[in-house]
Amino acid sequence: MQLKKLNNKSIDQLFEAILTLKDVEECYVFFDDLCTVNEIESLSQRLEVARMLSKGHTYNHIELETGASTATISRVKRCLNYGNDGYKLSLDRLGRFGNVEE
């Protein structure tokens, strides 16, 4: 777990702040203040890559659809295979609530 190395009150505060957000609109407001547009796009791209990998899409298809580099796709795949199942947890929950598109 990479983030455990950074475990401190500031990071706890960040995650607790995110957990207070009640809807997508509040997320837009918070993340607009917190991150650059490029940072948000990178995060959302990685989640989409994870979704597509979990559905069995090829690297070429994912690269064409998302614009993600093969290095990014490989990193996400490594996390899916050897990580902490964070992507799986979130994607499963999004699927349960009907927010994951195919």
Side-chain angles (χ1 to χ4, degrees):
M1 200 178 236
Q2 295 178 38
L3 276 180
K4 283 292 184 187
K5 298 174 193 170
L6 301 175
N7 193 352
N8 64 47
K9 290 184 183 200
S10 293
I11 293 174
D12 288 351
Q13 178 178 266
L14 170 64
F15 292 155
E16 289 169 6
I18 292 168
L19 290 170
T20 68
L21 302 172
K22 293 181 176 54
D23 56 31
V24 172
E25 189 56 39
E26 286 188 5
C27 288
Y28 271 98
V29 171
F30 180 74
F31 282 95
D32 191 33
D33 285 348
L34 182 67
C35 301
T36 66
V37 170
N38 287 340
E39 289 168 334
I40 295 296
E41 288 176 340
S42 292
L43 293 170
S44 65
Q45 181 186 66
R46 288 179 195 161
L47 184 61
E48 178 60 7
V49 167
R51 185 193 69 78
M52 292 180 78
L53 283 168
S54 70
K55 296 288 186 184
H57 293 281
T58 64
Y59 274 40
N60 287 339
H61 182 74
I62 295 168
E63 190 176 12
L64 287 171
E65 288 290 313
T66 67
S69 68
T70 55
T72 296
I73 298 167
S74 294
R75 182 185 184 288
V76 171
K77 185 171 184 171
R78 191 169 44 255
C79 289
L80 285 170
N81 291 334
Y82 306 108
N84 299 304
D85 291 331
Y87 282 122
K88 182 179 179 347
L89 175 71
S90 292
L91 290 170
D92 285 350
R93 288 182 181 171
L94 284 171
R96 193 174 323 142
F97 296 108
N99 296 327
V100 174
E101 295 178 16
E102 178 49 43

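- One finds the CG atom of Asn38 at 10.5 Å from the CD atom of Gln45 (value rounded to the nearest 0.5 Å).
- Looking at every heavy atom in both residues, Thr72 comes nearest to Arg46 through CG2-CG, 4.2 Å.
- Under the salt bridge (Lys or Arg N to Asp or Glu O under 4.0 Å) criterion, no residue pair touches residues 15-29, with sequence neighbours excluded.
- Residues Leu64 and His61 form no side-chain contact, since every pair of their non-hydrogen atoms from C-beta on lies 4.5 Å or further apart.
- Remark: Lys88 NZ to Arg93 CZ distance equals 11.0 Å, nearest 0.5 Å.
- In this structure, the side chains of Leu34 and Leu14 come closer than 4.5 Å at one or more pairs of heavy atoms.
- Residue Ala50 comes nearest to Leu91 through the heavy atom pair C-CD1, 3.9 Å, listed as atom of the first residue, atom of the second, then distance.
- Note that the OG atom of Ser69 and the CZ atom of Arg75 stand 11.0 Å from one another [nearest 0.5 Å].
- Side-chain contact between Leu94 and Leu47 is present, with at least one heavy-atom pair separated by less than 4.5 Å.
- Contact record, Phe30 with Ile18: CE2-CG1, 4.0 Å, taken as the closest heavy-atom pair.
- The two atoms that bring Glu63 and Ile73 nearest to each other are N-CD1, 3.9 Å, heavy atoms only.
- Cluster membership check: Ile11 shares its hydrophobic cluster with Leu21, using side-chain heavy-atom separations under 4.5 Å among Ile, Leu, Val, Met, Phe, Trp and Tyr.
- Residues Phe31 and Phe15 share a single hydrophobic cluster, defined by chaining ILVMFWY side chains whose heavy atoms lie under 4.5 Å apart.
- Scanning all heavy atoms of the two residues, the minimum distance from Val49 to Ala68 falls at CG2-CB, 3.7 Å.
- For the pair Ser90 (side chain) and Tyr87 (backbone), a donor-acceptor distance under 3.5 Å is absent.
- Considering OG of Ser74 and CZ of Arg78, their distance stands at 7.0 Å, rounded to 0.5 Å.
- When all heavy atoms of Ile62 and Met52 are compared, the closest pair comes out as CG1-CB, 3.7 Å.
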